[in-house]
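For reference, the structure discussed in these notes is given below.
Residue indices begin at 1 and follow the sequence shown.
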Amino acid sequence: MNLRTVLGAGALLAAAVTGALALRRTLQRHRRRPSEKIAIAPETSTAEAQLAAAAEPGGATRLDVALRTLAHQLPVEGDAAELPPLRAARLGARALEVLPEDLAREPQAPFVSGQGGWWVLPADAVLLDEEGAREVPAPYPGLVTIGSTEAGDLLLLNLAQVPAVLLDGNPVHITEVCTSLALELGMSPWASDVEVVTIGFGEDLPQLLPTARIAHMRQATHALRDLSERLLEGHQMPETQHQPYLLLCASALDADLAWEFADVIDKAGTVPVTLVAPESTPAAHFPEAEVLNLRSASRSNSTTPARRSPCSVWGMPPTCRSPPR
């Protein structure tokens, strides 16, 4: 499954899109001057409506319960059960699937084998009830929406499995996507243990989402220092080692800082650390990173991309691309 895909220009990717848009409008109101009026569209845009329709709250809840059921049923080895690494999840109106890192791996209950290595949750799967599921720690807190398939299913990437996600687009679209990722992780039922650091944007997010673990830092150097302290804490407090740490940077990094982030993340050990940043400079230091192209496909007169991807957002024809080597 190639997750490198085009995201529509200005795309808001939060699965909880209705709540994300409400917070976004609240943010706009907070920033306006007392005499300034805000122009808000009287009707939901087509893009917003499609995402809202795809992001059924019941589907997200079922995914959460299914993954906690999987963790609950795993055999215990030593002091803990070993979770199967998951790369992605696909959430649709009629199907719920997860993609293991090892495509040849046998599925773990309550999932069964599907097509192309995906594990499918049967309609009659026996799951924990919601109250019982809440007693099980969320096994995959790093899952976050990155787009949708051509069939309209939401596609989620497990950020804890990748060291970097690089964004290719203009600064406005990069900031929108980073804001959306922060919003979704701030509201997701399984991401309560994820630490999110916004770098150079989103200074109001910690106040808008006071119960979420979101911190704002003005400079990338401050975030690098905080990351180093977090990794030291992970060594001193082993119980925190598996809590994902996400760095969302909307501004371009200089070459030295990009190298330093790559070096520290490479030495993170068991602490899952992911950098989301503009592609230009970090690409040379993260050759295996997922690259998301935020440039609108509509800018090109061509309707047939060079290569097809299994993913697209809102019907836009995607173009797959690999990061520079």
Side-chain angles (χ1 to χ4, degrees), residues 1-5 15 60 62-91 95-121 125 127 133 136-147 149 153-166 181 184-185 188-195 231 234 238-247 262 265-276 286-292 310-311 323:
M1 180 69 173
N2 190 341
L3 297 180
R4 298 182 180 94
T5 178
R62 186 168 171 79
L63 174 61
D64 183 36
V65 172
L67 293 176
R68 292 179 196 251
T69 299
L70 180 152
H72 178 70
Q73 295 178 348
L74 286 174
V76 176
E77 299 177 4
D79 294 330
E82 184 168 349
L83 289 166
L86 296 185
R87 182 74 167 183
R90 196 158 56 194
L91 184 60
L96 191 160
E97 301 168 282
V98 296
L99 185 70
E101 190 72 31
D102 180 3
L103 299 183
R105 182 166 183 156
E106 290 296 317
Q108 302 278 163
F111 294 92
V112 299
S113 294
Q115 296 182 351
W118 288 83
W119 297 352
V120 181
L121 183 70
L127 304 177
V136 181
Y140 302 100
L143 281 171
V144 68
T145 310
I146 62 162
T149 68
D153 300 339
L154 289 180
L155 186 66
L156 293 83
L157 176 66
N158 185 6
L159 294 180
Q161 288 295 112
V162 294
V165 176
L166 304 182
L181 294 175
E184 177 169 334
L185 290 169
S188 171
W190 52 74
S192 59
D193 287 337
V194 177
E195 293 187 53
L231 297 180
E239 66 274 13
T240 68
Q241 286 185 356
H242 301 291
Q243 296 175 354
Y245 187 96
L246 176 63
L247 295 154
I265 291 174
D266 184 58
K267 298 173 182 176
T270 58
V271 179
V273 180
T274 303
L275 172 68
V276 178
F286 294 96
E288 301 302 322
E290 301 291 353
V291 178
L292 301 184
C311 311

Tyr140 vs Leu70, side chain to side chain contact (heavy atoms under 4.5 Å, CB included): CA-CA, chis, key distance, verdict: CA-CA 11 Å; Tyr140 302 100; Leu70 180 152; 4.1 Å; yes
Worked verdict on Leu121 versus Leu127 for side chain to side chain contact (heavy atoms under 4.5 Å, CB included): CA-CA 10 Å; Leu121 183 70; Leu127 304 177; 4.1 Å; yes
Candidate pair Val98 and Leu67, rule side chain to side chain contact (heavy atoms under 4.5 Å, CB included), full reasoning: CA-CA 9 Å; Val98 296; Leu67 293 176; 4.1 Å; yes
Stepwise side chain to side chain contact (heavy atoms under 4.5 Å, CB included) check, Ile146 with Val165: CA-CA 10 Å; Ile146 62 162; Val165 176; over 6 Å; no
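A 4.5 Å side-chain heavy-atom check between Gln161 and Pro85 finds at least one atom pair inside the cut-off. In this structure, Leu246 and Val144 have side chains that are not in contact, with every pair of non-hydrogen atoms separated by 4.5 Å or more. For the pair Pro189 and Leu63, the minimum side-chain heavy-atom distance is 4.5 Å or more.
Closest approach of Ala71 and Leu83 over heavy atoms only: CB-CD2, 3.9 Å. Leu91 and Ala60 make their closest contact through CD2-N, 3.8 Å (heavy atoms, listed as atom of the first residue, atom of the second, distance). Closest of all the heavy-atom pairs between Trp119 and Leu86 is CZ3-CD2, 4.3 Å. Phe286 and Ala262 make their closest contact through CZ-CA, 3.4 Å (heavy atoms, listed as atom of the first residue, atom of the second, distance). Between Gly114 and Val120, the shortest heavy-atom distance links the atoms CA-CG2, 3.6 Å. Summarising the geometry of Thr145 relative to Leu181, their closest heavy-atom pair is O-CD2, 3.7 Å, with the distance given to 0.1 Å.
Evaluation of the side-chain hydrogen bond (donor to acceptor under 3.5 Å, both in side chains) rule for Thr274 yields no partner, not counting sequence neighbours. Here Asp64 pairs with Arg68 under the side-chain hydrogen bond (donor to acceptor under 3.5 Å, both in side chains) rule; sequence neighbours left out. Applying the side-chain hydrogen bond (donor to acceptor under 3.5 Å, both in side chains) criterion to Tyr245, with sequence neighbours excluded, gives Asp226. Residues passing the salt bridge (Lys or Arg N to Asp or Glu O under 4.0 Å) test with Glu195, sequence neighbours excluded: Arg213, Arg230. Every residue two or more places apart in sequence or in another chain was checked for a side-chain hydrogen bond (donor to acceptor under 3.5 Å, both in side chains) with Gln73, and none qualifies.
In this structure, Arg87 CZ and Trp118 CH2 are separated by 11.0 Å, a value rounded to the nearest 0.5 Å. Between the CG atom in Leu99 and the CG atom in Leu157 there is a gap of 10.0 Å [rounded to 0.5 Å].
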Could you give the side-chain donor-acceptor pairs of residues 105-112 under 3.5 Å, partners two or more places apart or in another chain?
none

